[in-house]
Peer 1: 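The structure that follows is given in the form of structure tokens.
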Amino acid sequence: SEFMITMYGAMAQSESESISGNVKWGKKRAMEAGKVSIAYKNLYAYEKGADGKPAPIPAQAEIVRELYTRYLAGASLREPKDWLEHGKQPTVAGGTAWSITAVKGILTNEKYCGDVLNFKTRSKSFKNHRRIDNPKEDWMVFEDRHEAIIERDTYQKVQKRLKSTHQRAPKEINGPKSIFCDILRCADCGSKLWYHTNT
């Protein structure tokens, strides 16, 4: 009985591996043929259009443009978050509580400049569905696949600023935020200066 159970288990695992491999192969062939995969459920300011491509939602598209404008004008990630919550702008899930992660997600999403990036992450295994990063050479980028909300030049400027201002924000447990955090800037790169306490 133990032997038969082991055999059945091995056969089931082999079948799962085969199905997983077939699904990945099918997705890759479809993408190579120009068919992209987009999760509209988690995509802000876009919906599936009549032609099957992402179509901008006018009201939300204006909010995306405003976020990019504010960030390029020098706003921190928290400032547009507070602006969205103060205006009670609904999130992609329909709530009104925004997070800095959600704001950054909009500022870093290539779909807003008309591109689609697939295979950026993958499942660790067919048993462990935790997502891990793929090497860049395995990414599949489709440029100008749909109507853009943000100009490519604006998108690239935002990415450059995000990269140059990546700093560790002070935690509340380290005491109150210094009044100089939003005022002092690095003389070389222009990044905002933060204080951090190592305990």
Side-chain angles (χ1 to χ4, degrees), residues 27-28 30-32 34-87 89-95 97-122 131-169 182 185-186 188-192 194:
K27 286 183 176 181
K28 192 167 185 178
M31 290 178 191
E32 289 174 351
K35 298 178 181 178
V36 298
S37 176
I38 298 176
Y40 289 97
K41 182 180 179 181
N42 302 319
L43 182 59
Y44 187 78
Y46 276 115
E47 61 185 356
K48 191 172 183 179
D51 58 355
K53 294 182 179 180
I57 302 172
Q60 294 183 359
E62 285 301 319
I63 292 174
V64 171
R65 294 188 187 99
E66 182 65 19
L67 289 179
Y68 275 75
T69 300
R70 285 172 177 259
Y71 189 72
L72 279 181
S76 66
L77 291 174
R78 180 172 293 278
E79 289 173 30
K81 168 191 175 297
D82 295 339
W83 170 72
L84 288 166
E85 291 182 337
H86 181 72
Q89 298 292 345
T91 65
V92 68
W98 286 79
S99 66
I100 291 178
T101 302
V103 172
K104 188 175 182 181
I106 292 176
L107 294 175
T108 56
N109 196 327
E110 76 289 339
K111 294 180 182 65
Y112 296 113
C113 69
D115 298 345
V116 178
L117 172 60
N118 285 156
F119 280 124
K120 186 176 182 179
T121 62
R122 60 182 173 85
R131 306 298 295 181
I132 59 176
D133 290 335
N134 260 334
K136 285 191 175 182
E137 55 267 22
D138 291 341
W139 293 3
M140 298 191 73
V141 181
F142 302 87
E143 294 186 351
D144 300 320
R145 290 289 300 177
H146 55 269
E147 182 181 348
I149 294 176
I150 301 298
E151 294 182 1
R152 189 176 300 277
D153 183 59
T154 301
Y155 175 80
Q156 291 173 347
K157 286 179 180 178
V158 167
Q159 306 318 302
K160 185 176 180 180
R161 182 174 179 238
L162 281 168
K163 187 176 181 180
S164 66
T165 59
H166 180 66
Q167 301 289 335
R168 179 183 295 179
D182 294 327
R185 290 179 177 270
C186 174
D188 296 322
C189 69
S191 301
K192 290 183 179 180
W194 298 90

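Everything numeric here is computed off the predicted structure, so don't read it as measured data.
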Peer 1: List the atom of R161, the atom of G74, and the distance in Å for their closest heavy-atom pair.
Peer 2: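 In this case the closest contact between R161 and G74 is NH2-O, 3.4 Å.
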
Peer 1: So among I106, L67, T154, L107, which one has a side-chain contact (heavy atoms from CB on, under 4.5 Å) with Y112?
Peer 2: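 Only match with Y112 under side-chain contact (heavy atoms from CB on, under 4.5 Å): I106.
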
Peer 1: Is the number of heavy atoms from other residues, nucleotides or ligands under 6.0 Å of Q159 CD greater than 12?
Peer 2: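 Counting neighbours around CD of Q159, more than 12 heavy atoms of other residues, nucleotides or ligands fall under 6.0 Å, so yes.
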
Peer 1: Distance check, rounded to the nearest 0.5 Å: Q89 atom CD versus W83 atom CH2?
Peer 2: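 That separation rounds to 6.0 Å.
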
Peer 1: So how far is it from R70 CZ to S76 OG, rounded to the nearest 0.5 Å?
Peer 2: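 Taking CZ in R70 and OG in S76, the distance rounds to 11.0 Å.
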
Peer 1: Can you see which heavy atom on P90 is nearest to which on G94, and at what distance?
Peer 2: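 Minimum heavy-atom contact is CB-O, 4.2 Å.
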
Peer 1: Say you draw a straight line from OG1 of T91 to CD of Q60; how long is it, rounded to the nearest 0.5 Å?
Peer 2: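 If I round to the nearest 0.5 Å, the distance is 9.0 Å.
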
Peer 1: Exactly one of L117, I38, I149 should register a side-chain contact (heavy atoms from CB on, under 4.5 Å) with K111. Which one does?
Peer 2: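 When L117, I38, I149 are each tested with K111, the side-chain contact (heavy atoms from CB on, under 4.5 Å) holds only for I38.
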
Peer 1: Are the side chains of L43 and V92 in contact, using a 4.5 Å heavy-atom criterion?
Peer 2: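 Sidechains of L43 and V92: no contact.
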
Peer 1: Testing the basics here: between A61 and P56, what is the closest heavy-atom pair and its distance to 0.1 Å?
Peer 2: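 Closest pair (atom of A61, atom of P56, distance): CB-CB, 4.4 Å.
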
Peer 1: Taking all non-hydrogen atoms of both residues, which atom of H146 and which atom of Y46 are closest, and how far apart?
Peer 2: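 Heavy atoms of H146 and Y46 come nearest at CD2-OH, 3.5 Å.
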
Peer 1: How many angstroms lie between OH in Y155 and OG1 in T108, if you round to the nearest 0.5 Å?
Peer 2: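 Those atoms lie 6.0 Å apart.
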
Peer 1: Locate the shortest heavy-atom distance separating C113 from D144; write the atom from each residue and the value.
Peer 2: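 Scanning both residues completely, I find the closest heavy atoms to be O-OD1, 4.5 Å.
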
Peer 1: Do other residues, nucleotides or ligands put more than 12 heavy atoms under 6.0 Å from E151 CD?
Peer 2: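 It does not: E151 CD has 12 such atoms or fewer within range.
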
Peer 1: If you measure from OG1 on T101 to NZ on K104, what distance do you get to the nearest 0.5 Å?
Peer 2: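 Answer rounded to 0.5 Å: 8.0 Å.
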
Peer 1: Atom CD of E79 and atom OH of Y71: how far apart are they, to the nearest 0.5 Å?
Peer 2: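 The CD atom of E79 sits 10.5 Å away from the OH atom of Y71.
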
Peer 1: Could you name each residue pair satisfying salt bridge (Lys or Arg N to Asp or Glu O under 4.0 Å) that touches residues 40-60, not counting sequence neighbours?
Peer 2: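 Applying salt bridge (Lys or Arg N to Asp or Glu O under 4.0 Å) to every pair that reaches into residues 40-60, excluding sequence neighbours, yields nothing.
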
Peer 1: What's the shortest heavy-atom distance between K81 and W98, and which atoms?
Peer 2: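 Here K81 and W98 meet closest at CE-O, 3.1 Å.
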
